[in-house]
Amino acid sequence: MDTPTRKPLDRHVLRSLLSEKSDFWTRVDVVGVTGSTNADLAEAARLGAEEGRVLLAEEQVSGRGRLDRRWESPARAGLMLSVLLRPTLPRELWGTLGIAAAVALESALREVCGVQAKLKWPNDVLVDGKKVCGILAQAEGGAVVVGAGLNVSLTAEELPVPEATSLLAAGARTLDREEIAAAFLTRFAAEYRTWQEQGPGPAVARWERNSDTLGREVAVSFPNGRNLTGRAVGIDADGRLRVDPGDGAVETVAAGDVVHLRPRA
Ligand code: BT5
């Protein structure tokens, strides 16, 4: 595959697309290169920044995943963005903002790119079983920073791991990053409003409808090294995955990595 043309993000276009559709995002910044947009907004949160900020980077030199893993992407080939929220619901529900973001992205990809994505617990967005987007929500200074890394125009050779895909590889009808970012941010603002007013229930229900994880045999590895296999039978209102190992003693998993073992029976 040839390397596609990658024009820089135009923040004026993005801002005007956004202001037509959503008044929630009050400040939208684009930087050429940074360590991590999540780290930058976490620092802003510590300094008292208000909710509604968005930061996009053309390139990250130390993009973060969960558990100190890395997010890797060539410059201008993806969307790497973070948003700052100051939720008023109890802290134990904040983890479900990653679910709300995944649901918003699924709908943006369907409507703007014509791509049908599926959601993998906890916060991955898959196309054809491969990861097109990873989401990282972190609490910081009374705020939550939600970051998303979306592979837009990465070629097959550029994908950092075999389990990854991109919108280019998936045959998306547009790779326009401003349009995709505006669609995602508009939907995420709406999901967040609903989340604040009604709690995580609606986002969790939408996640369940678009889930690739539920009904499958999964292997869960916990941060402490323990492993669990069983059928993913649901998620709780607070976003925890319910796994039935086969003996009926369903376990709820708050944090861990999931491998999909077999399709639904
Ligand atoms: C995630 O972590 O998937 C969350 C990634 C969040 C990245 C965004 S980019 C903007 C914002 N600023 C940041 O610093 N981070 C956020 P996790 O589930 O731990 O997955 C990480 C793993 O995904 C890595 O260990 C790789 O195996 C794989 N990976 C790395 N880069 C990838 C890519 N571009 N596409 C697909 N998979 C990737």
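Indexing begins at 1, ligand by ligand and atom by atom, following the structure's order. We use all heavy atoms of the structure for the numbers below, so side chains are in, but hydrogens, waters and symmetry mates are not. Each residue takes its place number in the sequence, starting with 1.
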Expected output: side-chain Asp247 to main-chain Ala249 donor-acceptor under 3.5 Å: yes
Arg226: side-chain contact (heavy atoms from CB on, under 4.5 Å) partners, not counting sequence neighbours: Phe222, Asn224, Leu228, Glu251
Table of N or O contacts for ligand 1, cutoff 3.5 Å:
| unit_1 | atom_1 | unit_2 | atom_2 | d |
| --- | --- | --- | --- | --- |
| ligand 1 | 2 (O) | Arg66 | N | 3.1 |
| ligand 1 | 3 (O) | Lys131 | NZ | 2.7 |
| ligand 1 | 12 (N) | Thr37 | OG1 | 3.0 |
| ligand 1 | 12 (N) | Asn38 | N | 3.4 |
| ligand 1 | 12 (N) | Gln60 | OE1 | 2.9 |
| ligand 1 | 14 (O) | Ser36 | OG | 2.6 |
| ligand 1 | 14 (O) | Arg64 | N | 2.7 |
| ligand 1 | 15 (N) | Arg64 | O | 2.8 |
| ligand 1 | 18 (O) | Arg66 | NE | 3.1 |
| ligand 1 | 18 (O) | Arg66 | NH2 | 3.2 |
| ligand 1 | 18 (O) | Lys131 | NZ | 3.3 |
| ligand 1 | 19 (O) | Arg66 | N | 2.8 |
| ligand 1 | 19 (O) | Arg69 | NE | 2.9 |
| ligand 1 | 19 (O) | Arg69 | NH2 | 2.8 |
| ligand 1 | 20 (O) | Lys131 | NZ | 3.0 |
| ligand 1 | 31 (N) | Glu72 | N | 3.1 |
| ligand 1 | 34 (N) | Glu72 | O | 2.8 |
| ligand 1 | 34 (N) | Asn151 | OD1 | 3.0 |
| ligand 1 | 35 (N) | Asn151 | ND2 | 2.8 |

For residues 141-150, run the donor-acceptor check on the side chains, cut-off 3.5 Å, and write out each pair with its distance to 0.1 Å, sequence neighbours left out.
none

Salt-bridge present (Arg86, Glu50; N to O < 4.0 Å): no
Side chain to side chain donor-acceptor pair (under 3.5 Å) against Asp29, all qualifying residues, sequence neighbours excluded: Arg27
Main-chain N/O of Ser221 paired with Asp257 side-chain donor or acceptor, under 3.5 Å: no
